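Below is one structure, written out as structure tokens, with a few remarks after it.
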Amino acid sequence: MLAAGSVTKIVVVNHETAEVFLSNEATEKYKTQERFRNIPAAGNGAQFRFTIGSVDLFAEQVAAANAEFSQDVPLDFRNDKNGIGTMLLNFLPWLVLIGFWFFMMRGMSGAMGGGGGLGGGMMGVGRAKAQVFDKEKQTKITFKDVAGLEEAKVEIMEIVDFLKKPDKYKELGGKIPKGALLVGPPGTGKTLLAKAVAGEAEVPFLSISGSDFVEMFVGVGASRVRDLFRQAKEKAPCILFIDEIDAIGRARGRQGGMSSNDERENTLNQLLTEMDGFGTNAGVILLAATNRADILDKALMRPGRFDRQIEIGLPELKEREQIFEVHLKPLKLADGLDREFLARQTPGFSGADIANVCNEAALIAARGGKSAVDKEDFLAAIDRIVGGLERRSLVMSAEERRLTAFHEAGHATVSWFLRHADPLIKVTIIPRGRALGASWYLPDERHNTTREQFMDKISSLLGGRVAEEVFFGTSETGALNDLERATKMAYAMVAYFGMSEKIGNMSYFDSGAADVSFTKPFSEKTAQDIDSETKRLLGLAEEAARRVITDHKEGLTTLAERLLERETVFAEDLEDIFGKNMRKEA
Ligand code: ADP
Ligand code: ZN
């Protein structure tokens with residue numbers, strides 16, 4: 001059209017639409033065509049409209065066309081952004097944002113104010129939602145329900161005594177501990193113990209989890225702490241229990257500017273203030289539980305705050321027996337069930353795991369249509385908890401089964417002949433969870449591990465892989481977990497426990513380190529030494545394993561065949577194959 005000289009002017013509207021105005025004759029000419037019959041007459045608005053991409057480019061093109069056809073078609077600009085639609089478009093994001101905010105506030109306060117009724121609403125955000133167990137409200141838990149933990153009970157008894165007879169202590173001018181920190185792995189009965197203290201002392205028990213203080217709103221944590229202590233003082237004498245205190249009590253300012261959480265810091269500061277604030281004899285005793293005492297802020301542990309730390313470890317043999325005793329009570333048991341046997345089968349189990357075993361055993365017995373829970377049910381329950389569900393249906397080729405049998409027999413043989421390896425309970429090639437087979441050991445109930453024990457353990461771990469190599473000349477990925485554990489042990493020997501010649505008695509273990517540390521506390525040279533020493537120890541252990549396996553090829557084959565036949569093989573079978581355990585004679 002420009003070339004034909006038909007255009008009188010072009011107007012760009014809102015930077016996106018070009019309106020083309022034609023001359024009188026050109027308009028008439030277009031109007032004669034059927035397609036363009038309805039275009040407005042000249043002087044009555046634009047005849048054509050189209051969308052342009054970029055205004056700059058379009059202006060350039062018009063200028064070029066003008067030059068080419070030596071014309072001077074003007075290019076104008078106009079903005080009309082005042083339609084109601086545009087306005088809506090402008091405000092829509094704001095509307096959405098505000099709506100979302102209202103929605104959030106309603107949801108939040110509904111969830112938190114819980115029970116606050118009309119008074120709840122927005123103000124409920126700062127309220128602590130502690131669970132309160134009063135005398136009437138709960139079935140009372142006493143020390144009788146807590147098995148084992150004798151030392152912890154003695155320590156904590158004093159607190160009970162104080163809550164019962166505060167005057168006795170006040171008269172003597174004694175200061176009563178304000179709080180005690182229960183430290184131990186999950187499921188070891190920390191909550192149970194705290195509840196038992198309340199039950200023994202016959203005082204109310206307020207329970208809250210540390211993570212309840214941590215919210216997305218600034219200032220909420222601190223005000224919840226204030227509210228919690230207010231509630232506690234109203235109920236005094238009482239016990240205030242904070243579970244997972246590490247959620248708020250993490251050491252402050254470790255991460256520097258990177259991810260410092262001011263909100264958590266404020267919450268912690270408020271907690272410290274409140275602990276200092278309530279007078280020693282206010283009758284509120286604070287118990288807190290954590291499984292990571294090492295990451296707690298040191299300020300929490302200062303005298304006058306959590307004065308005492310009570311360590312609660314995984315239960316030992318005798319304690320496991322007692323815990324079984326507690327949880328077996330409600331079950332209908334077959335005659336002659338040996339509790340000590342059960343305790344022996346569950347090394348490393350926590351109290352919660354044992355409670356779980358008892359429940360699971362009852363379920364298994366019920367499924368089997370039995371009238372009482374017997375030993376088999378307990379063994380099945382223990383297996384299930386140890387290794388995830390049995391997957392008998394998992395298809396394993398005959399060849400794979402053979403390889404697994406020799407692998408497991410390798411572990412068993414090596415641990416049988418090395419003096420310091422853990423005694424074996426049983427070996428199985430029934431796939432469980434993700435493992436194709438497993439060997440069960442009975443770890444000694446000890447707290448120290450010697451160099452020799454480490455080495456023999458590593459040898460047993462490598463025994464599986466070595467057996468594959470010796471008997472099949474191949475290796476498979478199933479040994480990943482073995483290798484990982486062996487490598488970690490060897491590394492720990494070198495870098496943490498000072499058990500290698502080259503590094504000597506030095507430890508690069510940092511008990512005060514934050515979760516992630518970016519710098520190694522040793523030089524490149526030492527790093528290389530650690531690597532080579534780790535490798536050397538692994539090599540020595542592998543050599544030992546290879547010696548045992550090549551010396552006892554025949555026995556190992558018998559063991560593997562027996563495994564293929566019966567799936568599970570016990571310590572007695574090994575004695576049958578290899579003769580009496582060397583360790584026992586030593
Ligand atoms: P934690 O607070 O240490 O994580 P809990 O006190 O919540 O562990 O324990 C969970 C459950 O495990 C308890 O309710 C109880 O059934 C069982 N349990 C744990 N330790 C013991 C114990 N020493 N005696 C009896 N039962 C226990
Ligand atoms: Zn293995």
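Order of appearance sets the numbers: ligands from 1, and atoms from 1 within every ligand. Please read all numbers here as calculations on a predicted model, not as lab measurements.
Using cut-offs of 30° and 60° on the angle between ring planes, the pair Y491 and Y496 is perpendicular. Relative ring orientation between F406 and F472 is described as perpendicular, the plane-to-plane angle rising above 60° on a 0-90° scale split at 30° and 60°.
Taking a 4.0 Å cut-off on heavy atoms, G148 fails to register as neighbouring ligand 1.
The salt bridge (charged side-chain N to carboxylate O under 4.0 Å, His left out) check on K488 picks up E484, with sequence neighbours excluded.
Within a 6.0 Å radius of CD in E554, other residues, nucleotides and ligands contribute 12 heavy atoms or fewer. The number of heavy-atom neighbours closer than 6.0 Å to NZ of K153, taken from other residues, nucleotides and ligands shown, is above 12.
In this structure, the protein non-hydrogen atom closest to atom 16 (O) of ligand 1 is H327 CE1, 3.1 Å. The protein heavy atom nearest to atom 21 (C) of ligand 1 is L192 CD2, 3.8 Å. For atom 10 (C) of ligand 1, the closest heavy atom belonging to the protein is A352 CB, 3.9 Å. For atom 23 (N) of ligand 1, the nearest protein heavy atom (residue, atom name, distance) is A147 O, 2.8 Å. Looking at atom 4 (O) of ligand 1, its nearest protein heavy atom turns out to be G187 N, 2.8 Å. Scanning all protein heavy atoms for the shortest distance to atom 2 (O) of ligand 1 gives T191 OG1, 2.4 Å.
Listed by chain and number, the protein atoms of type N/O/S under 2.8 Å from the Zn ion (ligand 2) are H407 NE2, H411 NE2, D482 OD2; waters are omitted.
Taking the six-membered ring for Trp, F378 and F341 have ring centres at least 6.0 Å apart.
Closest of all the heavy-atom pairs between S500 and V494 is OG-CG1, 3.8 Å.
In this structure, the side chains of L149 and I156 stay at 4.5 Å or more apart for every pair of heavy atoms.
Judged by distance alone, with hydrogens and angles left aside, the side-chain atoms of R384 form no donor-acceptor pair with the main-chain N or O of L379 at under 3.5 Å. R401 places a side-chain N or O within 3.5 Å of a backbone atom of L564 that can act as its donor or acceptor partner.
In the model, D353 has a side-chain atom that pairs as donor or acceptor with a side-chain atom of S350 under 3.5 Å.
For ligand 1, the polar-atom distance check against V146 finds no nitrogen or oxygen pair separated by under 3.5 Å.
By the criterion of a heavy-atom distance under 4.0 Å, the backbone of D145, and not its side chain, is placed next to ligand 1. At a 4.0 Å heavy-atom cut-off, ligand 1 does not touch E319 at all.
Every atom of ligand 1 is numbered from 1 in the order shown, and the set under 4.0 Å from a heavy atom of G189 is 1 (P), 3 (O), 5 (P), 6 (O), 8 (O), 9 (O), 19 (C), 20 (N). The ligand atoms of ligand 1 that sit less than 4.0 angstrom from a heavy atom of G351 are 12 (O), 17 (C), 18 (N), 19 (C), 20 (N). Atoms of ligand 1 lying under 4.0 Å from at least one heavy atom of P186, given by number and element, are 4 (O).
Of the charged side-chain nitrogens involved, none lies within less than 4.0 Å of a carboxylate oxygen, so that R224 and D227 do not count as a salt-bridged pair.
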